[in-house]
Amino acid sequence: MPLTLPGLARAEEESRSEAVARQQAAVRAGLATARRWGLERLPEQAPQRPAVRPELKAAQGVKLAPGRPPVVYRVPTDQKIVFLTVDDGAEKDPEFSRMAAELGVPLSVFVADYLAREDYGYFRRLAAQGDMVNNHTINHRDLRLLGYEQQRDEICRQQDQLERQIGVRPRLFRPPYGEYTDDTLRAAASCGIEAVPLWNEEAFPDRMEYRYDDQRLHPGDIILTHFRGTSLWNGTMTDLLRRVVKVVGAQGFTLARLDDYL
């Protein structure tokens, strides 16, 4: 006769069995999701957001000036995390946003109005899935060529536009082409900007370009890419995201959300 467990023990055994079955089902579902997007496994999920953002001090990767928002190429952290940021807004690929959501890849987006205004709905949907939509000016002009008031207009009007369209006034601003002057930082501060993240790597569907000679990621690095399609790239935005996930994982890093750290 098979051993019959008493009521409480039997219930506990059944609960353990159910938990194991749920875990196995979750593993199978995760593997199916990864393979659907051309990956062998799901990327490591971002660590829990820090209770307090890291203190920014003048060092390699951080530039500080009194009364100006910090310019950050690398977030100070010992964790093996890096940050994926996506600029401009020309290509509005629904497969890209779906892939990021299904894989749990956090994004920070920097939008220029002249490229986004035809479909802010796309960026509202990104915001709804937890991706932050930040300021990249109204017209994507080289701010070095503009006076203070013109720069302030480019930045502050986009602050207003994004607050209307997305419902949140951005804290982060990225100048077009990564070019800025002291007037840029002064204007950004006057519009409520708290930090100006730049980048150390740029990602494409077919390669990763590195700022430093070791050609490696470093803790806290910011990766730049763009909302672009096959008319400008040798691949799609889903190809791009697949490459980033593979490179980041192969180097032992995890993607985290930039806005949680700046």
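Just so you know, residue 1 is the first one in the sequence shown, and it goes up from there.
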Identify, with sequence neighbours excluded, every residue that meets salt bridge (Lys or Arg N to Asp or Glu O under 4.0 Å) alongside E179. R144
Consider only side-chain heavy atoms of I, L, V, M, F, W and Y, link residues closer than 4.5 Å, and tell whether L258 and V111 are in one cluster. no
Salt bridge (Lys or Arg N to Asp or Glu O under 4.0 Å): pairs with one or both residues in residues 211-237, sequence neighbours excluded: R74-D221
Could you go through the side chain to side chain contact (heavy atoms under 4.5 Å, CB included) check for R98 and F96 one step at a time? CA-CA 5 Å; R98 185 164 74 93; F96 171 76; over 6 Å; no
Just jot down the side chain to side chain donor-acceptor pair (under 3.5 Å) partners of N134, sequence neighbours excluded, or say none. D259
Is it the case that R152 and S190 place a side-chain donor and acceptor less than 3.5 Å from each other? yes
Does V82 belong to the same Ile/Leu/Val/Met/Phe/Trp/Tyr cluster as L84, with side-chain heavy atoms less than 4.5 Å apart forming each link? yes
For T254, the side chain to side chain donor-acceptor pair (under 3.5 Å) test, sequence neighbours excluded, returns none
Cut-off 3.5 Å, side chains only: do E95 and T238 have a donor facing an acceptor? no
When you look at H226 and M237, which way does the side chain to side chain contact (heavy atoms under 4.5 Å, CB included) test go after all the steps? CA-CA 9 Å; H226 295 84; M237 292 201 70; over 6 Å; no
W37 CH2 to L103 CG distance, which is reported to the nearest 0.5 Å: 7.5 Å
Cluster check M208, F83: I/L/V/M/F/W/Y, side chain < 4.5 angstrom: no
What is the distance from atom CG of L255 to atom CG of L107, rounded to the nearest 0.5 Å? 8.5 Å
Go through the side-chain N and O atoms of N200 and H218 and say whether any donor and acceptor fall under 3.5 Å apart. no
Counting only heavy atoms not in R171, do more than 12 sit closer than 6.0 Å to its CZ atom? yes
Test V105 against V245 for side chain to side chain contact (heavy atoms under 4.5 Å, CB included), laying out the working first. CA-CA 8 Å; V105 174; V245 167; 4.0 Å; yes
Is the side chain of Q151 donor-acceptor paired with the backbone N or O of L143 at a distance under 3.5 Å, no angle test? yes
Partners passing salt bridge (Lys or Arg N to Asp or Glu O under 4.0 Å) against R53 (at least two apart in sequence or in another chain): none
Minimum-distance pair of heavy atoms, taken over all atoms of Q129 and S97: NE2-O, 3.1 Å
Under the side chain to side chain donor-acceptor pair (under 3.5 Å) test, residues paired with Q60 that sit two or more places apart: Y212
Evaluate side chain to side chain contact (heavy atoms under 4.5 Å, CB included) for W199 paired with E209, printing each intermediate quantity in order. CA-CA 11 Å; W199 62 90; E209 294 183 355; over 6 Å; no
N234 to P205 - nearest heavy-atom pair and separation: O-CB, 3.8 Å
So salt bridge (Lys or Arg N to Asp or Glu O under 4.0 Å) across residues 54-72, not counting sequence neighbours, yields R68-D182
Any residue meeting side chain to side chain donor-acceptor pair (under 3.5 Å) with E91, in chain and number order, not counting sequence neighbours: none
Flag yes if L198 and I155 sit in one hydrophobic cluster, no otherwise; membership is Ile, Leu, Val, Met, Phe, Trp, Tyr, and two members link when side-chain heavy atoms are under 4.5 Å apart. yes
Separation of R157 CZ from L162 CG (nearest 0.5 Å): 12.0 Å
Please report the closest heavy-atom contact between A256 and P106, naming both atoms and the distance. C-CG, 3.6 Å
Interatomic distance, CZ@R186 vs CD1@I193, rounded to 0.5 Å, equals 15.5 Å
Would a distance-only check, ignoring hydrogens and angles, find a side-chain to backbone donor-acceptor pair under 3.5 Å from R174 to V196? no
Measure centre to centre between the rings of Y177 and H140, then say whether the value is under 6.0 Å. yes
Evaluate side chain to side chain donor-acceptor pair (under 3.5 Å) for N135 paired with Q159, printing each intermediate quantity in order. CA-CA 6 Å; N135 190 328; Q159 288 286 90; 3.0 Å; yes
Looking at E118 and K92, does any basic side-chain N land under 4.0 Å from a carboxylate oxygen? yes
Measure from NZ or CZ of R125 to the centre of the six-membered ring of Y122, then state whether that distance is under 6.0 Å and the direction lies within 45° of the axis. no
How long is the span from the CD atom in E44 to the CD1 atom in I81, to the nearest 0.5 Å? 13.5 Å
Check the surroundings of atom CD in Q215: do more than 12 heavy atoms from other residues, nucleotides or ligands lie under 6.0 Å from it? yes
Going by distance alone, is a donor N or O of one side chain under 3.5 Å from an acceptor N or O of the other, for S108 and R257? no
In terms of hydrophobic clusters joined by side-chain contacts under 4.5 Å, are L224 and F253 together? no
Starting from the C-alpha separation in whole Å, work towards a yes-or-no answer on ring-ring contact (aromatic ring centres under 6.0 Å, His included) for F123 and F227. CA-CA 11 Å; F123 301 99; F227 288 100; 5.5 Å; yes
Who pairs with R41 by salt bridge (Lys or Arg N to Asp or Glu O under 4.0 Å), at least two apart in sequence or on another chain? none
What residue pairs, at least two apart or across chains, pass salt bridge (Lys or Arg N to Asp or Glu O under 4.0 Å) with a residue in residues 229-253? D239-R242
Those residues that, when tested against K80, pass salt bridge (Lys or Arg N to Asp or Glu O under 4.0 Å) (two or more places apart): none
Residues at least two apart in sequence or cross-chain that pass side chain to side chain contact (heavy atoms under 4.5 Å, CB included) with Q161, listed by chain then number, are D113, Y120, Q158, R164, Q165
